[in-house]
Amino acid sequence: MEKTKGKKILVRIAIAVAILLVLCTFLSNTIYSANLPQVTIQKVETNKEMEISSETVGTVVFDMDAAQYNYPLTIRKIHVSSGDRVAAGDLLIEVDTGVFEVEIMKRNSAIQTLQSQLASPDLDEATRAQLRTDLQIAQRELSEYKEAVPLSGQITAAHDSFVYQVFVDEGQTVLENTQLLTLRKVGSLPSIEFTLPNDFANTFKVGDDVQYVYVKPSESNRNTTDLVKGSAQISEKRFDEEECYFSVQTAQEDGKHLYPHQQVDVTLIVSLQKYSYVVPLSAVFRVDKDVYVNVIEKKPGLFGEETYVRQVKVEEVASNNVNMAIYGDGIYEMEVITASSAPLSNGEVVKLEQ
Amino acid sequence: MMNLKNIMRNFSLSNFVVELILILIACLLLFPVIYMFTNSFFSGAEIISNYSGVLEGNNTATILSLIPKEATLDGYINIFIMGPSYLGKFWSSMMLCVSIVTGQVVISCLTGYGFAKFKFPLKNVFFYLIIMLMLMPVQVLMVPQYSVLDSMGLIGSYASLILPGIFGAFGLFLITQVFSYIPNDVIEAAKIDGANHMQILLRIVIPYSKMGIASLVILSFIDNWNMVEQPIVFLRESYQYPLSVFLSNINLQKLDLAFVCGVLAIIPSLLLYLFLKDALIKGIEYSNLK
């Protein structure tokens with residue numbers, strides 16, 4: 001009897017333990033599923049058009065004339081100042097001509113000496129030839145000197161221009177090749193120059209649209225500034241060793257507000273192109289120089305099918321601020337994770353957002 | 001007072017020594033179980049600090065402690081509630097064991113009846129072959145089993161564990177011995193009454209052999225509850241592994257939960273033993289009588 005009673009108790013204990021374990025199984029599975037990271041997925045888009053743009057900083061460049069000479073000069077008088085408009089032929093700067101006259105006299109004297117030596121009847125052919133050569137050189141140099149220096153002492157404007165900047169003062173003696181002043185031709189349009197790395201520059205070509213943004217004083221309130229947006233096309237593209245140089249001709253209106261060496265924000269836009277495999281930028285992450293996407297895979301699990309995360313290395317083809325064109329094995333069949341409620345690791349079990 | 005007198009009267013030095021040795025052996029055998037049970041109430045931090053020498057491979061001495069500084073049920077909560085991995089594998093093991101034990105009992109009863117009560121050519125040869133199979137280590141049999149199961153396309157499914165278990169040699173041997181103890185006269189009487197062999201088996205032989213079958217159940221359950229090599233070899237996915245494989249891995253990954261898992265893993269075997277322990281002892285007796 002006692003044995004039977006004992007066995008009955010054991011059976012009841014076993015049943016109670018079994019019921020408890022079943023309840024705990026359901027409870028733990030529910031808690032586990034509730035704590036899984038929730039992810040949003042999207043299928044890789046194929047043959048999708050994508051607009052590629054890139055942002056960089058460009059420099060405004062004007063077509064400028066500069067007044068400089070290969071010889072030292074002494075400034076006597078400056079007739080213009082920065083911002084003045086001058087017409088072709090207007091007097092800009094007066095320089096001391098005494099130096100030129102002295103130099104010309106010296107050269108003329110040297111030429112006369114050579115000529116008198118050449119006139120001597122006692123010269124042999126070799127000496128005579130040498131003297132002729134020296135005379136020719138001296139005469140040419142004199143001619144070049146007369147062309148190179150402002151003999152009249154007046155430096156005038158070659159074209160209708162705006163005086164951009166004057167670099168010298170009255171009474172100052174400047175060395176050779178010193179810039180005296182710079183002039184911007186009236187009607188010349190500024191261009192914006194910028195560079196891109198060579199491997200990225202291939203995406204863009206002459207004729208592609210470019211937008212730029214610069215600051216100008218507000219017309220309503222001179223104490224504030226307005227952001228102005230302009231647009232143009234790439235007019236020149238030139239490769240260098242490490243970078244590619246681009247030039248964009250700006251609009252007439254912009255010329256009033258832009259100044260040389262001004263920094264402007266440039267956005268390059270390439271016309272729409274079709275790419276084989278495109279994913280949202282939020283699905284992509286980088287580790288060092290490699291690009292990865294998180295894709296989901298389904299495998300049988302203990303309590304049915306489970307969804308796992310797998311990190312796949314891909315190659316970047318092109319990107320803009322929204323999407324990225326990628327390439328990789330089996331990409332077209334994959335569903336990428338675009339958002340997650342928690343950081344994900346390779347092989348982690350997740351659940352899909354409903 | 002009376003008991004003390006009886007004890008003094010019946011005292012024998014030899015008995016005392018034998019009992020003392022048995023007590024010591026019992027303590028030695030029970031100590032790991034008691035240690036595992038008490039350590040299951042240790043906190044994870046305390047376990048890791050006690051076993052840091054083992055975990056980190058340095059020369060720090062391992063601290064063996066039976067009493068926790070701060071008893072906690074965190075391990076049990078982690079196992080039972082925070083994740084379904086342990087309980088899922090528990091039910092996988094239970095499903096495997098119940099399937100194998102049930103199948104083994106059925107097959108062993110049928111074949112044991114044939115070996116015990118029938119005469120056919122080469123009966124002894126087959127029986128000795130079965131005994132040879134029983135004596136071979138399971139690792140030796142795994143290679144031919146894998147070939148057969150692979151050709152049947154069962155590798156990777158639970159059938160690759162269940163089928164070899166059902167057709168195990170030990171169950172056949174044990175049941176043959178148990179059935180052979182039943183007097184042939186009873187069977188002859190049943191035949192005279194018009195019973196066929198299936199009726200004789202179900203109504204006479206099996207009821208007579210409940211103890212032996214019960215001992216087969218418990219021994220087979222314990223054996224299959226603890227199997228490790230077969231699941232690792234025959235199953236492909238880690239989620240299919242039974243509890244025994246999970247326990248062998250958790251010692252390396254989460255030592256703080258290993259003690260809790262160990263305590264919970266012995267509960268089914270313990271309950272089954274407590275329920276069938278009389279049958280186990282009698283069943284083993286029957287197998288030795290012949």
Side-chain angles (χ1 to χ4, degrees), chain A residues 1-39 295-311 340-352 354, chain B residues 73 75-98 156-158 210-211 214 217-218 221 231 235-243 245-246 253 257 260-261 263-282:
Chain A
M1 278 300 277
E2 285 185 4
K3 282 188 181 176
T4 310
K5 195 177 174 185
K7 285 192 178 177
K8 280 185 183 175
I9 293 171
L10 275 173
V11 169
R12 285 174 188 165
I13 291 172
I15 292 171
V17 167
I19 292 172
L20 178 67
L21 289 178
V22 168
L23 288 173
C24 287
T25 304
F26 283 113
L27 181 63
S28 63
N29 197 27
T30 306
I31 294 174
Y32 173 73
S33 298
N35 288 334
L36 287 177
Q38 207 165 2
V39 298
V295 300
I296 60 158
E297 278 190 356
K298 295 196 176 175
K299 290 182 184 177
L302 203 55
F303 296 99
E305 204 173 55
E306 289 183 330
T307 307
Y308 290 78
V309 172
R310 186 164 70 93
Q311 291 179 351
S340 168
S341 61
L344 301 174
S345 56
N346 197 21
E348 188 174 354
V349 178
V350 295
K351 65 180 176 184
L352 301 179
Q354 298 297 327
Chain B
L73 292 175
Y76 290 92
I77 293 171
N78 275 330
I79 289 294
F80 276 139
I81 296 175
M82 297 314 291
S85 57
Y86 177 86
L87 288 172
K89 292 187 187 309
F90 176 88
W91 293 116
S92 291
S93 285
M94 190 60 72
M95 182 271 295
L96 277 173
C97 286
V98 168
S157 70
Y158 283 122
K210 275 193 238 178
M211 301 295 182
V217 166
I218 191 169
F221 183 90
L235 297 176
R236 291 209 174 103
E237 301 290 338
S238 60
Y239 76 90
Q240 293 176 305
Y241 290 158
L243 189 61
V245 178
F246 176 80
Q253 295 167 5
L257 296 178
V260 177
C261 294
V263 168
L264 298 174
I266 66 174
I267 288 176
S269 303
L270 185 63
L271 286 174
L272 193 63
Y273 169 76
L274 290 173
F275 191 74
L276 297 175
K277 63 180 172 146
D278 295 332
L280 174 66
I281 294 165
K282 286 195 177 146

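All of these numbers come straight from a predicted model, not from anything done at the bench. Sequence lines set the chain letters: A, B, ... in the order given, protein chains first and strands last, and positions in each chain run from 1.
Take A/S28 and apply the side-chain hydrogen bond (donor to acceptor under 3.5 Å, both in side chains) test, not counting sequence neighbours, and it matches no residue. Judged as a salt bridge (Lys or Arg N to Asp or Glu O under 4.0 Å), and not counting sequence neighbours, the contacts of A/E297 are A/R310. A/Y308 meets the side-chain hydrogen bond (donor to acceptor under 3.5 Å, both in side chains) test with A/E306; sequence neighbours excluded.
Here CD1 of A/I9 is found 12.0 Å from CZ of B/F275. Values are rounded to the nearest 0.5 Å. Note that OG1 of A/T30 and CD1 of B/I81 are 11.5 Å apart. Values are rounded to the nearest 0.5 Å. One distance of note links CG of B/L271 with CD1 of A/I15; it measures 11.0 Å at 0.5 Å rounding.
Of all residues spanning residues 88-98 of chain B, those with a heavy atom less than 4.5 Å away from chain A's heavy atoms are B/G88, B/K89, B/F90, B/W91, B/S92, arranged by number.
Using a 4.5 Å cut-off between heavy atoms, A/L21 touches chain B through backbone and side chain atoms alike.
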